[in-house]
Amino acid sequence: MSEQIKKETQAAHGKRVPAYVWVTLGVTLLTLLLHAIGMSGDLVNVALIYLFPVLVSAVYWGMGPAVYAASFSVIMFDFFFVPPYLSFTVEDLRYLISFVVYLAVAILTASLAGRLRQQLEMVKAREATTNSLYALSRQMTAITDLNTLLVNIATQVSLTLGKPAAVYLPDGQGDLLVTSSSASEGEKDGWGDGESEIAIAKWVYHHGQIAGKGSSALRESPGLYVPLRTEEQIHGVLAVSMDAGEVHEQQEQLRLLEACGGLAAGAIARVKLAEEARLAQITAESERIRTALLDSVSHELRTPLTAIIGSATGLLENDTLFTPEDRRELTGNIRDGALRMNRLVTNLLGMVRLESGMLQLNRKWCDVGDMISVVLTQVREFSPHRNIQVELPDDPAFIYGDEVLLEQVLVNIVSNAIKYSPDESQIVITVTSDKSPSQLTIVVADQGIGIPEAERIRIFDKFYRSESTQHVTGTGLGLAICKGIVEVHGGTIVAEPNPGGGTRMRIDIPMEAHGSRFPYSEQGEVEE
């Protein structure tokens, strides 16, 4: 913006010489025109008409050509219209007073017109400055990365002022370094990394004062340095290289640079606060997960370990006192505790594999009926008081997926249905298939305590457990693992209310993967 104003000013100075020529031609032609239309006897109107060249000169060329137009108009008025004609002498000395008044009025009018012209130019310059600051503000607001923001600041300030700019920020040890810099066309790249520039920038950073050309401190410096200050702290320094011959523009550039520095400081503070908030959120989430993991694992491991140790100790120390039925019960306790620990470790390893992206699917065609049979075998040992009913379609249902992982999903869901439903209640596993979208739906419905509507999405978060289920042991990992495995297979899992009371867990999963081939021929024979 300042570079543009400078070019316009130089162009205006370049036009001053022909302006006097145009003024001379204009007054001469106006004189000939007044003679041609016969206004030699109407001196008052002639004098007023001669004010037009003065006003035009003041508006378009400034004060100098306007004064020249006024003086030349008086000369032409005296020579051609005041008796004796074609002579610079006057018969009536009162005309001299008229000439002086005319010159005063003409110069005053030219001064007012020139002042309006200057104010118009000032308004245009301020409008350009406002537009530049607005554009800079919009660009800074859209950036969330600190390095990108600093490069953008240096580039935009350099484009706005037409001069090389640099941004200084402290490093980890507190030393001020050039973080980003920009140079205008024709200038040396990398301005601002010299020893003198860095020394001045450090002084500005530590004292919080503006320094350099156009300021009250270190004014002999070729650059102008502004601290990037907010209410809380000074984040860095914004510097711009200044030319020695631009003293008349320094105050305007100083105000513009201060405004840019204020915008830059606010943007840097915003990005830093956002980064600190993100790190704080990650730290808090990590701490929450660590605490939940330790609490859940310690609680979940302590119970089966206690049962295993107690049962094993009883068998070792008092084996002769137990009947075969007692030994069978103790052995069953050891087995149940080991299975429970195995499920916990399996869930933990599954979550680690999901979070790390190391989960690899071993896809093959899986019979859903066979998978459910395996799942019921695993959960039947701790569900003696549940009535589990399975409803399969008439035709065999197949899924192209990882059989082990899908079985883990069903084990977790059925185990939850058993844990959160009362004794002698019914659990229904329904499998349906829709041929058109090639999708299989598995629904596990229980008659348990149910899940509040507000928590039906949150139960799939890691370590989340509903307030209504705190009395039942668990880690809060099972459903999170189920969601991850189902989504890896391209499916979805949702929790719904069971019309008969309780919860329905619905799994929608594609029956075929892209490029897979169904293992049965049209005649129902297995293809090799």
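Values in this document were obtained by computation on a predicted structure and should not be read as measured data. All values below come from the heavy atoms of this structure, side chains included, with hydrogens, waters and symmetry mates left out.
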Short side-chain to backbone donor-acceptor contact, R504 and D446, under 3.5 Å: no

R456 side chain vs A495 backbone, donor-acceptor pair below 3.5 Å: no

Side chains of [X] and [Y] in contact at under 4.5 Å (non-hydrogen atoms):
{"X": "E197", "Y": "Y225", "answer": "yes"}
{"X": "L228", "Y": "V167", "answer": "yes"}
{"X": "C482", "Y": "I413", "answer": "yes"}

Verdict with reasoning, L150 to I268, per side chain to side chain contact (heavy atoms under 4.5 Å, CB included): CA-CA 8 Å; L150 296 177; I268 292 174; 3.7 Å; yes

For the student: nearest non-hydrogen atoms of Y205 and P170, plus distance: OH-CG, 3.5 Å

Where I198 and Y168 come nearest, the two heavy atoms and their spacing: CG1-CE2, 4.1 Å

Hey, could you give me the [atom1]/[atom2] distance between [X] and [Y], rounded to the nearest 0.5 Å?
{"X": "M371", "Y": "I442", "atom1": "CE", "atom2": "CD1", "value": "5.5 Å"}
{"X": "S421", "Y": "N416", "atom1": "OG", "atom2": "CG", "value": "10.0 Å"}
{"X": "D402", "Y": "H489", "atom1": "CG", "atom2": "NE2", "value": "5.0 Å"}

Side chain to side chain contact (heavy atoms under 4.5 Å, CB included) assessment of N412 paired with L479: CA-CA 7 Å; N412 286 342; L479 291 179; 5.9 Å; no

Basic-acidic side-chain contact under 4.0 Å: E487, K483: yes

T503 and N498: side chain donor to acceptor below 3.5 Å: no

Crowding at CG, L116 (>12 non-hydrogen neighbours, <6.0 Å): yes

Worked check of salt bridge (Lys or Arg N to Asp or Glu O under 4.0 Å) between R458 and E455: CA-CA 5 Å; R458 299 186 62 190; E455 298 181 349; 5.9 Å; no

Stepwise side chain to side chain contact (heavy atoms under 4.5 Å, CB included) check, L176 with V237: CA-CA 9 Å; L176 206 65; V237 176; 4.2 Å; yes

Aromatic plane relationship, Y20 with Y68 - under 30° parallel, 30 to 60° tilted, over 60° perpendicular: perpendicular

Worked check of side chain to side chain contact (heavy atoms under 4.5 Å, CB included) between I493 and M505: CA-CA 7 Å; I493 179 172; M505 302 298 298; 4.2 Å; yes

